[in-house]
Amino acid sequence: MEIRLDILLMIFGGAMVTFVPRVFPLVVLSKIHLPNWIISWLKHIPVAIMAALLAQELLIPNQEFTYFSGNLRLVAAIPTILIAVFTRSLLATVMVGVVSMMLLRFLF
């Protein structure tokens, strides 16, 4: 089996484009002492990103803003969020979300 140079360079380039943005901040920030207020602020970033992704997916499912009318994703999210809050189990949360969406699509 022969490996073409252009394919090898594309694979290497893709690996570098993926690797550098993930490792560079870790290397730089591990050498710097950050103030406590920055560390506490950085702890909120994952929650903010998840909230933005969920809001976009639940409230704008078909490229238009909708409430409950015809928005099965939003209805399925209610029991899913409750399970996530009370159990803190990723497996239970995913299972309830999938089953809720499946039942709603079957019924409506």
Side-chain angles (χ1 to χ4, degrees):
M1 184 169 140
E2 184 179 334
I3 298 176
R4 292 180 22 200
L5 181 61
D6 56 342
I7 301 294
L8 184 63
L9 290 175
M10 281 191 274
I11 291 171
F12 181 72
M16 292 309 297
V17 167
T18 303
F19 181 75
V20 170
R22 293 176 189 210
V23 172
F24 182 72
L26 289 174
V27 171
V28 170
L29 291 176
S30 68
K31 307 275 188 221
I32 299 173
H33 175 70
L34 297 173
N36 288 336
W37 67 271
I38 291 179
I39 293 172
S40 65
W41 180 79
L42 287 173
K43 289 179 182 178
H44 297 289
I45 290 177
V47 176
I49 291 172
M50 184 58 76
L53 291 172
L54 283 174
Q56 179 181 0
E57 190 66 28
L58 295 176
L59 299 175
I60 311 172
N62 299 321
Q63 305 304 324
E64 60 185 40
F65 184 76
T66 59
Y67 290 110
F68 286 106
S69 62
N71 192 350
L72 296 179
R73 293 177 185 176
L74 190 57
V75 176
I78 294 169
T80 306
I81 291 171
L82 289 174
I83 291 296
V85 168
F86 289 119
T87 66
R88 305 267 187 210
S89 167
L90 180 61
L91 179 63
T93 303
V94 170
M95 288 178 63
V96 168
V98 169
V99 169
S100 298
M101 196 66 203
M102 182 181 66
L103 288 174
L104 286 170
R105 285 188 177 170
F106 180 71
L107 296 174
F108 299 103

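Since this is a predicted model, take the numbers as computed values, not measurements.
In the hydrophobic clustering, V17 connects to no other residue, as no ILVMFWY side-chain heavy atoms lie under 4.5 Å from its own.
Note on M10: it does not cluster hydrophobically with M16, by side-chain heavy-atom contacts below 4.5 Å among ILVMFWY residues. A continuous path of ILVMFWY side-chain contacts below 4.5 Å connects W37 to I45, so both sit in one hydrophobic cluster. L29 is not connected to L26 by any chain of hydrophobic side-chain contacts under 4.5 Å among Ile, Leu, Val, Met, Phe, Trp and Tyr, and they are in different clusters. Linking Ile, Leu, Val, Met, Phe, Trp and Tyr whenever their side-chain heavy atoms come within less than 4.5 Å puts F24 and I38 in one cluster. Under a hydrophobic clustering in which Ile, Leu, Val, Met, Phe, Trp and Tyr are joined whenever their side-chain heavy atoms come within less than 4.5 Å, directly or via other members, I49 and L54 fall into different clusters.
Judged as a side-chain hydrogen bond (donor to acceptor under 3.5 Å, both in side chains), the pairs with a partner in residues 6-19 (not counting sequence neighbours) are, in order, R4-D6.
S30 approaches V27 most closely through the heavy-atom pair OG-O, 2.9 Å. Between L58 and N71, the shortest heavy-atom distance links the atoms O-ND2, 2.6 Å.
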Donor-acceptor list for residues 81-108 side chains, cut-off 3.5 Å, not counting sequence neighbours:
| from | atom 1 | to | atom 2 | distance (Å) |
| --- | --- | --- | --- | --- |
| T87 | OG1 | I83 | O | 2.6 |
| T87 | OG1 | S89 | N | 3.3 |
| S89 | OG | A92 | N | 3.2 |
| T93 | OG1 | S89 | O | 2.7 |
| S100 | OG | V96 | O | 2.7 |

